[in-house]
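Single-structure report; data block below.
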There are 2 protein chains.
Amino acid sequence: MFTIGQLSEQTGVKVPTIRYYEETGLLPAPDRTAGNQRRYDAAGLERLSFIRHARDLGFSIDAISGLIALQGHPDQSCKAANDIACAQLADARAKIKKLKALEKELNRIAKGCDGQGVSENCYVLASLSDHALCEDDH
Amino acid sequence: MFTIGQLSEQTGVKVPTIRYYEETGLLPAPDRTAGNQRRYDAAGLERLSFIRHARDLGFSIDAISGLIALQGHPDQSCKAANDIACAQLADARAKIKKLKALEKELNRIAKGCDGQGVSENCYVLASLSDHALCEDDH
DNA sequence: TCTTGAACCTCTAGTCACTAGAGCCATTAC
DNA sequence: GTAATGGCTCTAGTGACTAGAGGTTCAAGA
């Protein structure tokens with residue numbers, strides 16, 4: 001049995017966050033001691049590790065709830081779980097695409113970020129004032 | 001003079017968001033009609049366009065406040081504005097890096113996202129349960 | 001001039017995924 | 001027994017908006 005602090009240490013999820021997950025129903029409420037403190041077992045640890053991992057991969061709490069619900073239904077879970085993961089992948093790709101466009105734009109606007117000298121004329125404020133100076137749409 | 005709706009249409013910023021920007025001090029409070037409705041001039045339009053553009057590039061409200069404060073001080077503004085933009089660039093690059101790692105991981109976990117058939121064994125839930133199956137740290 | 005309907009106003013509360021703090025209680029080691 | 005550490009609940013705050021209620025103003029047509 002683990003205390004909430006031990007669970008936190010093992011999973012890397014902060015203590016208030018664990019309580020928050022319980023409050024939202026993502027993590028089942030564990031047993032309590034006579035003194036009302038939470039005590040977790042291996043199943044709790046596994047569940048939290050799952051959540052942690054999925055959050056790291058950018059899944060929303062909602063999506064994780066969906067995945068957890070699927071774990072009890074091995075018959076239909078594969079396709080549904082895959083759909084959720086695919087949606088997540090598409091989301092990540094869209095974000096990368098957008099960020100790359102922004103990186104390009106910022107790289108053009110900001111000078112001297114890589115240790116070179118700063119240019120004489122101040123381009124940053126002018127660029128931000130006038131969208132027409134941009135190379136890409138965004 | 002523009003109504004808040006016209007300003008919204010011209011800049012692409014939603015009406016409640018414009019009011020929110022005013023509330024937080026990012027956008028100066030404009031004149032009002034006798035009936036208490038906001039009326040904006042060209043300066044207001046320009047300021048909001050600046051904000052919109054900077055938000056599009058991922059600048060935080062705080063950073064934008066900083067940039068706006070600099071616009072009145074052409075002497076020292078260039079270096080400071082550049083610093084803010086460089087920080088933003090570094091931030092964008094860090095996000096891209098992280099997202100690419102996630103993309104790789106998701107691509108490995110999720111199968112058949114690109115229209116191919118779904119694999120027989122359900123890998124998604126297993127992968128999310130067991131971090132040890134991951135190729136990269138994250 | 002009157003009426004209608006769209007657009008405007010303020011205010012409160014909700015979103016997401018936590019995070020911070022106050023004030024109190026339980027456990028554990030010495 | 002006592003002190004340190006860690007746990008408990010509850011409320012409120014974060015950022016950048018978004019939604020909704022309930023009321024007012026404006027501009028155009030009859």
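In what follows, every chain begins at residue 1, and chains take the letters A, B, ... in the order their sequences are listed.
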Taking atom [atom2] of [N] as reference, at what distance in whole Å does atom [atom1] of [X] sit?
X        : N       : atom1 : atom2 : value
Tyr40(A) : dC8(D)  : OH    : P     : 7 Å
Arg19(B) : dA7(C)  : CZ    : C1'   : 10 Å
Arg55(B) : dT18(D) : CZ    : P     : 10 Å
Leu27(A) : dC18(C) : CG    : C1'   : 15 Å
Asp56(A) : dA17(C) : CG    : P     : 14 Å
Glu22(B) : dC8(C)  : CD    : P     : 14 Å
Glu9(A)  : dT5(D)  : CD    : P     : 15 Å
Lys14(B) : dC8(C)  : NZ    : C1'   : 18 Å

Return no unless some side-chain N or O of [X] is found under 4.0 Å from OP1 or OP2 of [N].
X        : N       : answer
Tyr21(B) : dA16(D) : no
Thr3(A)  : dG7(D)  : yes
Arg32(A) : dT9(D)  : yes
Arg38(A) : dG7(D)  : no
Thr17(A) : dT19(C) : yes

- Task: Say whether, by atom type as modelled, one donor and one acceptor occur between the side chain of Ser8(B) and the main chain of Val13(B) under 3.5 angstrom.
- Result: yes
- Task: Assign Phe59(A) to base, sugar-phosphate, or nothing according to its heavy-atom contacts below 4.0 angstrom with the strands shown.
- Result: nothing
- Query: When we call it a touch if two heavy atoms are under 4.0 Å apart, what does Thr33(A) touch: a base, just sugar-phosphate, or nothing?
  - Reply: sugar-phosphate
- May I ask you to check whether over 12 heavy atoms, not counting those of Gln10(A), lie within 6.0 Å of atom CD? yes
- Would one find more than 12 heavy atoms of other residues, nucleotides or ligands at under 6.0 Å from atom CD of Glu46(A)? no
- Item | Nearest-nucleotide 5' precedence on DNA chain D, Gly35(B) against Ser60(B) | Ser60(B)
- Item | Residue whose closest nucleotide on DNA chain D lies nearer the 5' end, Asp62(B) versus Asn36(B) | Asp62(B)
- Query: Are Asp56(B) and Leu102(A) close enough that some pair of their side-chain heavy atoms sits under 4.5 Å apart?
  - Reply: no
- Item | Test item: Ile18(B) and Arg38(B) side chains (from C-beta on) under 4.5 Å apart, heavy atoms | no
- Message: Nearest to the Ile61(B) side chain among dT9(D), dA16(D), dT19(C), which nucleotide is it?
- Response: dA16(D)
